[in-house]
Amino acid sequence: MKYLCEDLSHCRILIVDDEPANTQLLERVLAEVGFQHYRSTNDSRRAAAIFEEFGPDLVLLDLSMPYLDGYAVMKQFVDQLAPDMYLPILVLTADISPEAKQRALSLGALDFLTKPFDITEVVLRIRNLLETRNLHKQLHDQNHRLEERVRQRTNDLEEAQAEILERLALASEYRDDDTGAHTRRVGSLSERVALALGLPAEEARVIGLAARFHDIGKIGIPDSILHKPGPLTAGERSLMRTHTTLGANILAGSRFLILRVAETIALTHHHRFDGHGPAPSLAGEDIPIEGRIVAVADAFDAMVHDRPYRKALSLTEAMEELRREAGKQFDPRVVEAFLAPGPGDLLHMANAVNDEAKMTPERV
Ligand SMILES: [Fe+2]
């Protein structure tokens, strides 16, 4: 790992000083005490390029130099560093005023060595700064590992949530038909219609996922009614209608957006746009858009597939039925989005949704 040089002798040290005697002396000292990786330059204009290529753990930097002084070089180094990177810069100076010292400190210098050098002091300062850099690096790595663990836990929770929703959707789907294909198709159709209506992609995605729970309330409807091969009696129809409130009750009060949207859909997907119907309900645009979308997707999918009590309508017949009911049972804007721009596209969409439904259920 380039940033960490646990064995200090492996640390990389860059010396920038216009005076060759100084760089030679420092190189000799470094070699004598066992450092193996050091580079030096007497031309401050080359410092930034060497810095980038060499990647030092510590810089020994003269302040007073021709062309680029130490402050300018320091700024170049700091600009190259990642914000959380700790690079010790040890300033070499013959004499330093409090103002110059302050300026160097503010630019990132960590310590000062006064010329002429006291060799013991030079070595001690270098070692101290490298130790500090290693400690900083260890702390940085530890924080990084902790962040990674938190991220992993969050991912696990999100995956658990997604899986639970997936299984809840499956439970709802298998109650409705043997394959669960209807609710998956309604989900896909609803997402596509939401997109065709111009809703943002993320909103359409949530509607598509939530739409799969639209009939979850059927869990509470007796088999004798749910799977009755013939038409329902008035009493049975009335009981069947309670699947909307049952579903909404099952989903109510969630803090998760998908389940909140699913609750709305479960409650409103049988509301008629014209407000007519056996029970008082919302009408027109007071019905949430997700409910109006699923009403059309659900009805269309039911029409074009065989049901126990009737054969499937053709695509053309189903489209005619949707048009007939626009403004009555369905929101005309949703019907328009559903049918536009042409039968070819609707056919393509219905086929695509059919193909999708045959595959493994998508993740919620
Ligand atoms: Fe329903």
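Numbering of ligands and ligand atoms starts at 1, following listing order. Heavy-atom basis, side chains included; hydrogens, waters and symmetry copies ignored.
- Distance alone, capped at 3.5 Å, places no donor-acceptor pair between the His227 side chain and the Asp223 backbone.
- Atom NE2 is the N/O/S atom of His269 found closest to the Fe ion (ligand 1).
- Asp57 and Arg12 are not joined by a salt bridge, as no carboxylate oxygen comes within less than 4.0 angstrom of a charged side-chain nitrogen.
- Nearest to the Fe ion (ligand 1), among the N, O or S atoms that Asp215 has, is OD1.
- Using a 4.0 Å cut-off between charged side-chain N and carboxylate O, Lys228 and Glu236 make a salt bridge.
- A salt bridge is defined here as a Lys NZ or Arg NE, NH1 or NH2 lying under 4.0 Å from an Asp or Glu carboxylate O, and Arg151 with Glu148 meets this definition.
- If you look at His270 and ask which of its N, O or S atoms sits nearest the Fe ion (ligand 1), the answer is NE2.
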